[in-house]
There are 2 protein chains.
Amino acid sequence: AAPGGHPYAHDPLYAHFAAVAGADQEIDARELQRVLNASGLTGNYQSFNMETCRIMITMLDRDYSGKLGFVEYKELFTVLNQWKATFANYDRDRSGTVEGHEMQAAITSFGYRLSPQALGVIMKRYSTDGRIAFDDFVACSIRLRSLTDSFRRRDTAQQGIAQFQYDDFIKVGMYI
Amino acid sequence: AAPGGHPYAHDPLYAHFAAVAGADQEIDARELQRVLNASGLTGNYQSFNMETCRIMITMLDRDYSGKLGFVEYKELFTVLNQWKATFANYDRDRSGTVEGHEMQAAITSFGYRLSPQALGVIMKRYSTDGRIAFDDFVACSIRLRSLTDSFRRRDTAQQGIAQFQYDDFIKVGMYI
């Protein structure tokens, strides 16, 4: 340990994290679900389901350990709060859901340039009765970000075209 | 309607389907969850979560309607029963879960040729404490099948290499 106690001891997020993480100071998807619920982040929204928590882990888990340390958790927490603000901005009637066209506007505001057809496919996949809950909004945002990052790393000429070997394609597509 | 009544009226699966599908004779993910639970397919396993039901829809929903008709439902039911038999075969102690190496053996038995690294990534994503539940086994199998099909359609020279445009890549990766 660092001299003078744990380096994050004064971070308000640390207490929730440490209580769940235990001795290894890392959290898996199930522990992440507990930490996020304890943090109060979701507020009036439904708590995150396990599948979304797993996707959150894949977003930051650069060593494929299936777990997050405190630094990664803090990074996740920051991104989630930004997405929450964006979501709340579109959820004007505070129903806890946004409409398809609002979700499309949010995706465009993130800087993604997608065809109407691709946006339609995304809406179909992440909506329930035409509306998108915060949990699904987060899952969608993470997967869109991860896939775009993976694509860009392989689009070396920056022409919007990338080549994948089968094994690599499966790794990218399955780990989100 | 066909002369002599509904063409599927004598199909034992039809009663469950028709009861939930209602007038449009199609089911969305939420209705699929109800039909599958009513069908008794999962048996002693945990019932399917919504996210897995959504992935099931994407597997067969060729027109991106977000819904399945009875013919697609029947096709899904057949595939699920095959996967259930495979899963049960590896779940020797009937715990409702299989171990990572058993899941890897199952994937290989399906005919996929993946590197140990890709298999490791898949195990990390779909396991909980090193074990894979039937629900996650199904989600994993569907996504692996969908991604492989999408890849093959673009690997026209059958060299194990495929080129994607960004918009197309996002459609493939997001709709599973």
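Per chain, numbering begins at 1; letters A, B, ... match sequence-line order.
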| query | With respect to chain B, which residue among A:I57, A:D129, A:T58 yields the maximal number of heavy-atom pairs within a distance under 4.5 Å? | reply | A:D129
| query | So which of A:L144, A:I55, A:D28, A:T52 has the biggest tally of heavy-atom pairs under 4.5 Å with chain B? | reply | A:L144
| query | Between B:Y126, B:Y166, B:Y112, which residue shows the highest count of heavy-atom pairs closer than 4.5 Å to chain A? | reply | B:Y166
| note | From the list A:S146, A:G120, A:S127, A:S115, the residue making the most non-hydrogen contacts under 4.5 Å with chain B is A:S115
| Do A:Y8 and A:F17 have ring centroids that are under 6.0 Å from one another? | no
| Is chain B contacted by the side chain of A:I176, its backbone, both, or neither, given a heavy-atom distance below 4.5 Å? | both
| query | Any donor and acceptor pair, going by atom type alone, linking the side chain of A:D91 with main-chain N or O of A:G96 inside 3.5 Å? | reply | yes
| What is the ring orientation for A:Y73 with A:F70, classed by angle as parallel under 30°, tilted 30 to 60°, or perpendicular over 60°? | tilted
| request: Would you please test A:C140 and B:M174 for side-chain contact (heavy atoms from CB on, under 4.5 Å) and show each step? | output: CA-CA 8 Å; A:C140 176; B:M174 291 298 281; 3.6 Å; yes
| request: Could you have a look at B:A118, B:G66, B:S150, B:A162 and say which one has the most heavy-atom pairs with chain A under 4.5 angstrom? | output: B:A162
| query | Considering only heavy atoms from C-beta outward, does the side chain of A:N44 approach that of A:R94 to under 4.5 Å? | reply | no
| Can you tell which of B:R113, B:R143, B:Q165 has the highest number of heavy-atom pairs within less than 4.5 Å of chain A? | B:R143
| message | Evaluate A:F164 against B:F169 for ring-ring contact (aromatic ring centres under 6.0 Å, His included), listing each step before the verdict. | response | CA-CA 10 Å; A:F164 289 80; B:F169 179 75; 4.9 Å; yes
| Pairs of heavy atoms under 4.5 Å with chain B: top-ranked of A:K171, A:Q163, A:R54 | A:R54
| query | In terms of heavy-atom pairs under 4.5 Å with chain B, which of A:V172, A:N49, A:D136 leads? | reply | A:D136
| query | So, do A:D168 and A:R154 sit near enough that their side-chain heavy atoms are less than 4.5 Å apart? | reply | yes
| said: Is A:I122 in contact with chain B via its backbone, its side chain, both, or neither, using a 4.5 Å heavy-atom distance? | reply: side chain
| Taking the side chain as C-beta and beyond, is there a heavy-atom pair between B:L32 and B:F48 under 4.5 Å? | no
| said: Shorter than 4.5 Å, heavy atoms on both sides: which option in B:D61, B:I170, B:D155 has the most such pairs with chain A? | reply: B:I170
